[in-house]
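What follows is a short report on a single structure.
One-based numbering, in listed order, for ligands and for the atoms of each.
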Amino acid sequence: MRVHLVNPSDNSFGTAVITPRWLFVLAAATPAVAGDPILVDESLEQIVPGSIQPGDIVGISVHTGNALRGYAVGRMARERGAWVVYGGIHATLFPEEALAQGHGHAVVKGDGDVAWGKAVADCMAGAPKPIYEGGRIEGSQFLAGRWDLMQADKYMWASVQTIRGCPKHCSFCSVWRTDGQQPRQRRFQSVIDEIVALRRIGFRFIALADDNFYPVTLTDLRLAREQGNAAKVDELMGIRNERFELMAELAKLPKDMVFFTQITMEAGEDGEYLDAMRKANIKGALVGVEAVTPEGLKAVFKDFNYSGEALSKQLQTFKQHGVHVLGSFIFGLPTDKPATFDATVAMALKAGVTFAQFVMMTPFPGTIDFVRWEKEQALEPTLVGDVPITRYWLIPTEVRPKMFTPHPSMSSDEISVRTQKVWDRFYDWRSVWKRSACTPTLKARVAFVLLSKLYRQMYAGTGISTDSARRKKAKTMARFMVKQTSKIFRSKPMPELQSPVWALPSTVSLLRTALATGMPADAGPFVVLPKI
Ligand code: B12
Ligand code: SF4
């Protein structure tokens with residue numbers, strides 16, 4: 001019997017940009033008695049059906065974009081006599097669908113760090129339950145990845161998570177609903193140990209796969225103080241201090257490390273925080289700008305963001321403190337007009353963001369936008385073939401519409417074409433070369449240009465290219481660029497690097513011992529470890 005973990009994808013490039021973290025975390029959560037799992041990341045290569053034997057256990061992660069492929073893999077595995085278990089955000093939101101369409105024996109809802117071990121044990125005993133409630137575990141229970149099982153030469157960036165959950169409630173985002181609004185921070189010792197392990201094997205570029213790296217804003221603190229709510233102030237300060245503790249430890253790691261994270265724009269008001277980020281080698285952050293007008297921001301429940309001149313200034317502040325911004329913008333909001341596209345790219349250029357992405361409005365399940373849309377559709381359902389459009393992820397990709405929610409004044413094609421033009425403008429040679437001046441050497445400048453072009457090639461095509469010939473060309477180009485760019489990210493391993501000696505044993509080693517000895521994972525001493 002073998003355990004297989006499969007990250008489904010229709011597109012295999014042979015090399016990938018960022019490691020799919022769940023794969024390595026679930027590998028760590030696999031009970032020792034089941035042996036080392038076989039990891040298959042289909043963004044590298046497709047699974048070989050012959051590798052699945054009767055009695056094997058196949059864990060598959062699905063998000064909305066890869067659910068259809070994930071279900072095909074699950075059906076194949078079940079036909080070959082394996083136990084099939086689904087997990088991930090999409091399966092969490094639609095467990096019945098994964099069981100029915102993906103022929104799953106079981107679904108783990110929520111966090112898998114603890115529940116996966118139980119599902120594996122039940123499969124091994126021949127009696128899996130249809131649903132496992134993984135819930136939202138404590139930060140102290142988050143596992144480090146089994147990076148020893150990674151094909152290290154295939155990835156440019158490794159990913160490490162430091163916090164889950166986000167206190168905001170943006171209308172297009174499901175994170176605050178699934179991961180919750182209460183930030184759950186991982187113990188910084190465990191984060192540092194994991195990063196050290198990665199640096200030892202030659203990874204110095206690390207994406208911090210966090211929902212929101214800035215969970216407590218200065219405004220949150222001010223409001224709690226104004227309300228005279230001392231308990232709230234203490235709680236918020238506790239969370240904030242833990243972030244500073246983590247950043248102080250990151251700052252002690254080798255100076256060649258480069259971290260990247262995701263953060264809200266409010267961090268721009270907090271010079272102390274940005275300075276700590278810079279010292280911690282967090283060189284860049286994805287900032288959800290979303291819209292450049294107040295109406296647009298209101299439409300997505302993100303009125304805490306700035307617009308106009310203030311927006312440009314706020315984004316520049318990040319750079320002044322040494323943190324580069326990857327600005328993320330959404331097109332297709334009901335408030336968008338043809339002029340919005342030009343205004344957006346002009347703002348992105350003016351604000352000096354180092355990278356930018358321009359995504360089309362997509363109603364992801366679990367969001368306020370999705371609920372609203374489903375209600376509207378219930379009155380007058382639209383079908384594509386026999387699939388309701390509100391289940392668009394089940395529509396075969398060749399016939400799947402590019403946009404799902406009709407815009408009041410523009411067609412989907414018009415929005416696609418205008419979005420593509422914005423990508424073209426932001427990533428034209430002249431602008432990229434100008435932005436590359438932020439790097440110290442000519443070699444670094446060339447690397448920056450390559451990276452920018454790769455980013456544009458890989459991400460602009462998705463959902464936007466209208467014909468298959470163009471999609472094919474874009475993919476071939478992306479494959480070529482990935483090969484060239486991946487060389488830039490290779491670093492010399494540092495096998496001699498040691499983790500600091502912590503006052504308490506790391507949570508990870510305790511949890512590993514618990515898993516190896518078969519002790520129930522939620523009864524371990526790590527649950528009650530005091531914060532230090
Ligand atoms: C980091 C991140 C990225 C990074 C890195 C992606 C990568 N290669 O890993 C980048 C920036 C590249 C990215 C890109 C995108 N992302 Co993203 N991303 C995230 C983020 C913040 C964290 C993901 C992560 O690594 N978490 C750490 C791991 C350990 O947690 P996890 O994946 O949740 O897995 C746990 C459980 O779900 C469960 N589990 C997961 N799989 C399985 C499988 C089994 C068998 C079991 C038992 C359990 C289990 O156990 C795990 C451990 O507890 C999530 C937000 C979130 N909270 O999930 C969004 C998120 C997954 N992304 C999202 C989206 C929309 C995208 C993009 C489409 C954005 C865009 N418009 O381009 C692209 C798509 C990329 C792609 N093709 O996969 C959405 C997905 C929504 C949905 N319903 O599918 C999310 C949820 C954010 C959101 N705004 O709602 N993303
Ligand atoms: S978009 Fe960002 S800020 Fe808004 S809820 Fe999601 S994670 Fe939080």
What atoms of ligand 2 come closer than 4.0 angstrom to any heavy atom of Trp176? 5 (S)
Under 3.5 Å, N or O to N or O, is Gln262 touching ligand 1 that way? no
Pair Trp393, Gln101: side-chain N/O donor-acceptor within cut-off below 3.5 Å: no
Of all the atoms in ligand 1, which lie at a distance below 4.0 Å from a heavy atom belonging to Pro20? 9 (O)
Take the angle between the ring planes of Trp157 and Phe489 and call it parallel below 30°, perpendicular above 60°, tilted in between. tilted
Could you tell me, atom by atom, which parts of ligand 1 come under 4.0 Å of a heavy atom of Trp116? 47 (C)
For ligand 1, does Thr64 get within less than 4.0 Å through its side chain, its backbone, both, or neither, judged by non-hydrogen atoms? both
Can you list the ligand 1 atoms lying under 4.0 Å from a non-hydrogen atom of Gly59? 45 (C)
I'd like to know if Arg372 pairs up with Asp369 as an ion pair, taking the criterion as any Lys NZ or Arg NE/NH1/NH2 lying under 4.0 Å from an Asp or Glu carboxylate oxygen. yes
Would you kindly specify which portion of Leu286 sits under 4.0 Å from ligand 1, judged on non-hydrogen atoms: side chain, backbone, both or neither? neither
Residues Asp424, Arg456: salt bridge by 4.0 Å N-O rule: yes
Out of Phe94, Phe364, Trp393, Trp22, who gets a non-hydrogen atom closest to atom 65 (C) of ligand 1? Phe364
Quick note on ligand 1: atoms under 4.0 Å from a heavy atom of Val359 include exactly 71 (N)
I need the atoms of ligand 1 closer than 4.0 Å to a non-hydrogen atom of Gly110, numbered in the order shown. 36 (C), 37 (O), 38 (C)
Donor-acceptor side-chain pairing of Thr217 and Asp220 below 3.5 angstrom: yes
Against Arg186, only a single residue in Gln141, Gln161, Glu194, Glu138 fulfils side-chain hydrogen bond (donor to acceptor under 3.5 Å, both in side chains); can you say which? Glu194
At under 4.0 Å between heavy atoms, what of Gln161 touches ligand 1? The answer is side chain
When you compare ligand 1 with Ser61, is there at least one nitrogen or oxygen pair between them that comes in under 3.5 angstrom? yes
Only one of Asp179, Asp113, Asp210 forms a salt bridge (Lys or Arg N to Asp or Glu O under 4.0 Å) with Arg164, so which one is it? Asp113
I'd like to know whether CD of Glu295 has more than 12 heavy-atom contacts from other residues, nucleotides or ligands below 6.0 angstrom. yes
Could you tell me whether some N/O pair between Pro365 and ligand 1 is separated by less than 3.5 angstrom? no
Please confirm if an N, O or S atom belonging to His169, backbone or side chain, lies less than 2.8 Å from atom 4 (Fe) of ligand 2. no
Near Ile89, which atoms of ligand 1 are under 4.0 Å from a heavy atom of that residue? 82 (C), 84 (O), 86 (C)
When you check the gap from the basic side-chain N to the acidic O, do Asp336 and Arg418 get nearer than 4.0 Å? no
List the closest protein heavy-atom neighbour of atom 4 (Fe) of ligand 2: residue, atom name, distance to the nearest 0.1 Å. Cys170 SG, 2.3 Å
Within a distance under 4.0 Å of any heavy atom of Asp211, pick out the atoms of ligand 2 and give their elements. 7 (S)
Look at atom 88 (C) of ligand 1 and find which of Val108, Val84, Val175 reaches it with the closest heavy atom. Val175
Looking at every non-hydrogen atom in both residues, tell me the closest pair between Thr419 and Phe358 and how far apart they are. CG2-O, 3.7 Å
When you compare the side chains of Gln46 and Ser12, does any donor N or O come within less than 3.5 Å of an acceptor on the partner? yes
Scan side-chain atoms only and decide if Arg243 and Gln185 contain a donor-acceptor pair under the 3.5 Å cut-off. yes
Under-4.0 Å heavy-atom contact with ligand 1, by part of Asp113 that carries it: both
My understanding is that we take every heavy atom of each candidate and find the minimum distance to atom 5 (C) of ligand 1. Doing that for Ile18, Leu23, Val3, which one comes out nearest? Ile18
Tell me yes or no: between the side chains of Glu79 and His103, is some donor less than 3.5 Å from an acceptor? no
So the atoms of ligand 1 within less than 4.0 Å of a heavy atom of Val85 turn out to be 45 (C)
Heavy-atom distances under 4.0 Å decide this one: backbone, side chain, both or neither, for His90 against ligand 1? neither
Hey, is NZ on Lys168 packed in by over 12 heavy atoms from elsewhere, all under 6.0 Å? yes
Protein heavy-atom partner closest to atom 2 (Fe) of ligand 2 - residue, atom, separation in Å: Lys302 NZ, 4.2 Å
For Ser174, the atoms of ligand 1 under 4.0 Å from one of its heavy atoms are 90 (O)
Kindly determine whether Tyr71 and Tyr86 satisfy ring pair (Phe, Tyr, Trp, His ring centres under 6.0 Å), including the steps that lead there. CA-CA 9 Å; Tyr71 296 158; Tyr86 286 95; 5.6 Å; yes
Tyr273 vs Glu266, test: side-chain hydrogen bond (donor to acceptor under 3.5 Å, both in side chains). Steps then yes/no. CA-CA 11 Å; Tyr273 202 85; Glu266 294 148 303; over 6 Å; no
Cys173 near ligand 1, heavy-atom distance under 4.0 Å? yes
For ligand 1, does Thr19 get within less than 4.0 Å through its side chain, its backbone, both, or neither, judged by non-hydrogen atoms? backbone
Which atom of Gly55 lies closest to which atom of Met1, heavy atoms considered: O-CG, 3.1 Å
Would Thr264 count as a contact residue for ligand 2, given that I'm defining contact as a non-hydrogen atom of the residue lying under 4.0 Å from a ligand atom? yes
Compute the minimum heavy-atom distance from Gln357 to ligand 1 and say whether it is under 4.0 Å. no
Note the single closest protein heavy atom to atom 6 (Fe) of ligand 2, along with its residue, its atom name and the distance in Å. Cys173 SG, 2.4 Å
Give a yes or no on whether Cys166 keeps an N, O or S atom under 2.8 Å from atom 8 (Fe) of ligand 2. yes
